There are 2 protein chains.
Amino acid sequence: MTGSGRTIRLRDVAEAAGVSQGTASNVFNRPEVVREEVRERVREAARALGYAGPSPKGRLLRAGKTNAIGVAAAEPLEYFFADPWARRLMTEVARACDARGAGLALVSVAAGQPGWSIESALVDGFLLRCGGRELLVEIAQRRGLPFVALSLDHAEPDVPAVDIDDFGGARLAARHLLGLGHRRLAILGIGLGAAPDRVQPDRVRATRYMNVRERARGYWAALAEAGLPEAEVPILAIRDDGSNVGAALALLFDEPEPPTGLLAMSDKVAMAALGWLAERGLAVPGQVSVMGFDGVPEGARTEPPLSTVEQPFRRIAERAVAAILDGPMPQGREVLPLTLLVRGSTGSAPNGTGA
Amino acid sequence: MTGSGRTIRLRDVAEAAGVSQGTASNVFNRPEVVREEVRERVREAARALGYAGPSPKGRLLRAGKTNAIGVAAAEPLEYFFADPWARRLMTEVARACDARGAGLALVSVAAGQPGWSIESALVDGFLLRCGGRELLVEIAQRRGLPFVALSLDHAEPDVPAVDIDDFGGARLAARHLLGLGHRRLAILGIGLGAAPDRVQPDRVRATRYMNVRERARGYWAALAEAGLPEAEVPILAIRDDGSNVGAALALLFDEPEPPTGLLAMSDKVAMAALGWLAERGLAVPGQVSVMGFDGVPEGARTEPPLSTVEQPFRRIAERAVAAILDGPMPQGREVLPLTLLVRGSTGSAPNGTGA
DNA sequence: GCCATCGTTTGGATCGATTCAAAATGGCTC
DNA sequence: GAGCCATTTTGAATCGATCCAAACGATGGC
């Protein structure tokens, strides 16, 4: 065994082979410039000393590139694997990194300062998953590495961001339901508080989450096209995890004329609604149609499969990863369109339910 | 704007503040040893120059620790997010890293050499997800960083590994079905080739995948306890992704006396079997009981929910992460037990089906 | 007034490589 | 054999920090 004390450095190999450090370096990085005989001698020495090649540490310092990109979120690290939306996006981010031979590092801001953070992660740039948390942007700016914000609330021209057209996506969703003849609709809103309340449009307009505001605007725009005033379409405050969807829906379905179409601001909430409707014995889409938002893979496996508007996960990931790795950076906030995904949870409005 | 050409180094700050570099370093790392007046002067200078703190690059070289652990697999990077088993394990790995303030980096060996690989990743150690691929171990050994192998085939004393008790888990699964009175069983084996064949026990004993061999041994052991010779229990070769499960099961269920209990070597295969049985109109667990293996979260959401033996994902992750970060390393292959998870897909054997 | 002590600060070595201008080498021509 | 050019090799600077032994200045005890 060679297991002596110190680790072997390039310099040791060079000495053992009787060449300069520069030449030894070339043997590993640009072998073609080194004469064959010397090259072999150095390789031999390396083998004899158990030297596996230049250490990434030293190389990093000199070359500056780590060849990895970091993805940061305010949530704990598990979030990247456990949350359906994050998972879906990360799958595409991973694919994009793979295609470019880049590595992928995960960073959580929740964890606290020690060890590993946006300030300390060894990466070439960041993707910031900031839902309402502009904090991440601030930290990343301080770090000084290139970054792209992913679900940014304030569109500022000097913050590069790749995002989705929430307004257009929501309008697409609402138009789909309206096109099927639905006139009694309800919106399942997120980010509007924890109580299963019915909330007023003004409250929605005042929320700090831009995507929530925009999605609502999109729904309303489609409703207006169909001649429906926004006041006629109740908005419920659902928790992000959908845990209070039952209590909220009960508010509507205990009334004499319950909605025939539900516009959920996320697939998660839509899926929770599907569960409650099944429990309650309401047929989907026979009695009630349910429309999601996001396009997470889980939606394909519900009963019935969830109709939704799908985020362009692949394009988002590719654009963001490309920006970090090769530029050019987005100038301000770039938005990408969503696509309508009609599956089984939406159908024609039941007869005799017109407005 | 300060945006001049060069980036600001600690040395620049020290100079600007009129102190030595050592003192400046202390201001950021051990502020308590620096006199307050000096400390403030340095901080002031840093602020004025737009210096955000010591760069991780330089620090790494000197201190040696990156505070991140790498997880490597032979599959492309997406695998970590897309595959149910990997996802489940990674959730726990992420949790364990979070708890210790460590970062998480993903490495794929498939990607190819350039850029980011086991050889070049900036991490403190590796978790190796090597299903049959001992190649990863070899590469990691060459790299010289601590590592723990996660589903290792050959138990060698000098390769630290954390693994599961495949034999015990399989025996648990089979005992469960036997305890419910099932006597006509079949094994849905993986890693036995791509054809939907019925294979002989000797072929199973000869496969290169240790976990497959061990699971089979576990099933057989339980069968022996119940007085059933292994020859009476057919073994089918199912593809890992379960895509040929229908063709394989048809072989059995077209016979006069089809099995009443299915022992699948993975949840993925079990879930595929569930799908086929539903299509074929066979009641689960009324006519056929299905037993999985792994305990992936998806199994909880099938119809009916899948009974299975669950891997101790959390313990595996915690043990492996702890080993890398704080030692001590496992001596050879440590195995952890699985637990029986009875859900809805298993029930008493139908009447009159005794052996 | 001398010396030991304590709290701060300094300077330089070190971590492990890459890079590049300059020097050495070798082959060829005239 | 001098001169020239192309190919290799060298040596030192550089990347950005941390660490540590030594120096320094102020204080207090005897």
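Labels below follow one simple rule: chain letters A, B, ... track the order of the sequence lines, proteins then strands, and each chain is numbered from 1. Computed from a prediction, not measured in an experiment: that's the story for all the values here.
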Report the C-alpha distance between Tyr79(A) and Arg129(A) in whole Å, list the side-chain angles of each, state the deciding distance to 0.1 Å, and finish with yes or no for side-chain hydrogen bond (donor to acceptor under 3.5 Å, both in side chains).
CA-CA 11 Å; Tyr79(A) 168 78; Arg129(A) 184 302 195 235; 2.7 Å; yes

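- Between Phe81(A) and Phe81(B), the ring planes are parallel. Angles under 30° get that label, and only those over 60° would be called perpendicular.
- A donor-acceptor contact shorter than 3.5 Å is absent between the side chain of Arg142(A) and the backbone of Ala52(B).
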Base-contact (B) and sugar-phosphate-only (S) positions in nucleotides 15-25 of chain C, heavy-atom cut-off under 4.0 Å, - elsewhere
BBBBB------

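- Between Val107(B) and Val71(B) there is no side-chain heavy-atom pair separated by less than 4.5 Å.
- With respect to Leu127(B), the side-chain contact (heavy atoms from CB on, under 4.5 Å) criterion is satisfied by exactly one of Val162(B), Leu104(B), Ile316(B), Val321(B): Val321(B).
- In this structure, Phe80(B) has its ring center no closer than 6.0 Å to that of Phe80(A).
- In this structure, the CG atom of Leu60(B) is 14 Å from the C1' atom of dT14(C), given to the nearest Å.
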Does the pair Asn29(B) and Arg59(B) meet the rule for a side-chain hydrogen bond (donor to acceptor under 3.5 Å, both in side chains), with working shown?
CA-CA 11 Å; Asn29(B) 294 297; Arg59(B) 187 204 299 272; 3.2 Å; yes

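- Remark: Glu15(B) does not engage Arg11(B) in a salt bridge, criterion side-chain N to carboxylate O under 4.0 Å.
- Axis angle between the ends of the helix from dG1(C)-dC30(D) to dC30(C)-dG1(D), five pairs each and rounded to 10 degrees, works out to 60°.
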For Arg41(B) and Glu44(B), what are the C-alpha separation, side-chain angles and deciding distance, and is it a salt bridge (Lys or Arg N to Asp or Glu O under 4.0 Å)?
CA-CA 5 Å; Arg41(B) 187 146 42 93; Glu44(B) 190 59 41; over 6 Å; no

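- Here chain B contacts DNA chain D (any atom closer than 4.0 Å to a heavy atom, that is under 4.0 Å), and the contacts span dG16(D) to dC19(D) from 5' to 3'.
- Taking the charged nitrogens against the carboxylate oxygens, Glu318(B) and Arg315(B) have no contact shorter than 4.0 Å, which rules out a salt bridge.
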